[in-house]
Number of protein chains: 2
Amino acid sequence: MKQTKQTRQMELKDTIIATPFITDEDLAERFGVSIQTIRLDRMELNIPELRERIKSVAHQEWDETVRALPIEEVIGEMVDLELDSRAISILDIKPDHVFSRNHIARGHHIFAQANSLAVAVINDELALTTKSEIRFNRQVNLGERVVAKARVLDSEYKGRTTVEVTSYVENEEVFSGIFTMFRSPEQKEQD
Amino acid sequence: MKQTKQTRQMELKDTIIATPFITDEDLAERFGVSIQTIRLDRMELNIPELRERIKSVAHQEWDETVRALPIEEVIGEMVDLELDSRAISILDIKPDHVFSRNHIARGHHIFAQANSLAVAVINDELALTTKSEIRFNRQVNLGERVVAKARVLDSEYKGRTTVEVTSYVENEEVFSGIFTMFRSPEQKEQD
DNA sequence: TTCATTTTTATGACTAGGTACTAATAGTAA
DNA sequence: TTACTATTAGTACCTAGTCATAAAAATGAA
């Protein structure tokens, strides 16, 4: 009994998601159609060839966990800095920053920009985030430019500094956070 | 000035470990030798060809139990997952994750692990962090292994789910956070 | 310097798993 | 019948390799 094209394509998609390292030949055998049909289906469904599927899986994993996230890119570009007072950085949302499915920027990149800005604005060799309360106010999409502005709230309290960071896309607030930063006394306080 | 075979082979090995998706052609150019020499070197060093390297990396991260998920987008290695209930991932702190000065892990990596785990545990196509309150309880150092455990607190509240993530280094709590996640209703709620 | 050995490069034939394109055929609907 | 979709077939080309063979170049010892 023959399947319709639609149901075959849906099952094909599921099959590739489930076992992405399957070849067209194996797929053709499994669905009882020719290799050409499988290739037509993949084209219509925009599913790349085996090697590209392998590469994309491997690459994303590699990119984010093993290789250095090129810090300049992750953090964004610093355009203004006055130590212990304020700082501004911009981050252009690139394909690496978004979920593949929906092209929405992943939260940790927005956080990374803000957090590293908070670290950078502190006039100290060692600055670490100890606490933060953050809010993602709106989705950020591929291609958008995020401008993060940091403002030091209380600088002089010993060992702790509070930094407020607000991020905007074209004057629309997309993220805000209060970061409590630990700054180094002479020796380590906690271990 | 020419390199010896030995030093070239050692550097070759390092290069392939550092950037495993490099082709023989690129390697040949980088080392100023022919492709054939690179292939001889790989044979002597028992380093498989590009496709096999890609496949092995891709395979390591692949787990049949979590295949419905964009596992490649989880930071750290997922070792346990029960959708809408709990999830565990581990992240080994490598040189890329730390401040060069003091070898302390940068906060956004710890956050990224926790945040992506919170996203992954949600049984939904679209899950976004809208709010979070986090705390870095102790520094994490180079070489340490961070185990993040996510627990879904209230799953059924419409459009919002709260996830608690706690990260440990050898049973010592290093990070904790409450993530409020947005999950897709039938149509978009905000834009 | 000459010879032997190691190292490197070149060449040709083959492979897997595709892309891109053209063409032919089978089945269905108006 | 004509029009259209779905499927299959076949060709040329591509990449990133493989293997085998041979020749050239560099190196070390007599």
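Here is the naming used below: chain letters follow the sequence lines, and residue numbers restart at 1 for every chain.
One can place CD of B:E44 at 14 Å from P of D:dT18, the figure rounded to the nearest angstrom. Atom-to-atom, CG of B:D41 to P of C:dT8 comes out at 7 Å; the value is rounded to the nearest Å. Taking atom CD of B:Q36 as the reference point, atom C1' of C:dT8 lies 9 Å away to the nearest angstrom. Between the C1' atom of D:dA6 and the CZ atom of A:F31 lies a distance of 16 Å, rounded to the nearest Å. Atoms CG (A:D24) and C1' (D:dT7) sit 15 Å apart, rounded to a whole Å. Computed from coordinates, the A:I35 CD1 to D:dG10 C1' distance equals 13 Å when rounded to whole Å. B:R39 places its CZ atom 6 Å from the P atom of D:dT18, with the value rounded to the nearest Å. Here the C1' atom of nucleotide D:dT7 and the CD atom of A:Q9 are 12 Å apart, to the nearest Å.
Of the candidates D:dT8, C:dG18, D:dG17, D:dT8 carries the atom nearest the A:T37 side chain, counting heavy atoms from C-beta on. Here the side chain of A:R42 is nearest to one of C:dG18, D:dG17, C:dA10, namely C:dG18. Taking the side chain of A:L50 as heavy atoms from C-beta on, and the options C:dG18, C:dT9, D:dA16, the nearest nucleotide is C:dG18. Out of D:dT18, C:dG17, C:dT8, the shortest distance to the side chain of B:R8 is found at C:dT8.
A:E144 and A:R138 are joined by a salt bridge, as a carboxylate oxygen and a charged side-chain nitrogen come within less than 4.0 angstrom of each other. The pair A:D24-A:R42 meets the salt-bridge criterion, since a charged nitrogen lies less than 4.0 angstrom from a carboxylate oxygen.
Looking at heavy atoms from C-beta onward, B:R8 lies in side-chain contact with B:T37 at the 4.5 angstrom threshold.
With hydrogens and angles ignored, no donor-acceptor pair closer than 3.5 Å exists between the side chain of A:R51 and the base of C:dG18.
Contact annotation for A:L40: base contact, defined as any heavy-atom pair under 4.0 Å involving a base atom.
A:E173 and A:T166 share no side-chain donor-acceptor pair at under 3.5 Å.
Classified by interplanar angle (parallel below 30°, tilted 30° to 60°, perpendicular above 60°), the ring pair A:F179/A:F111 is tilted.
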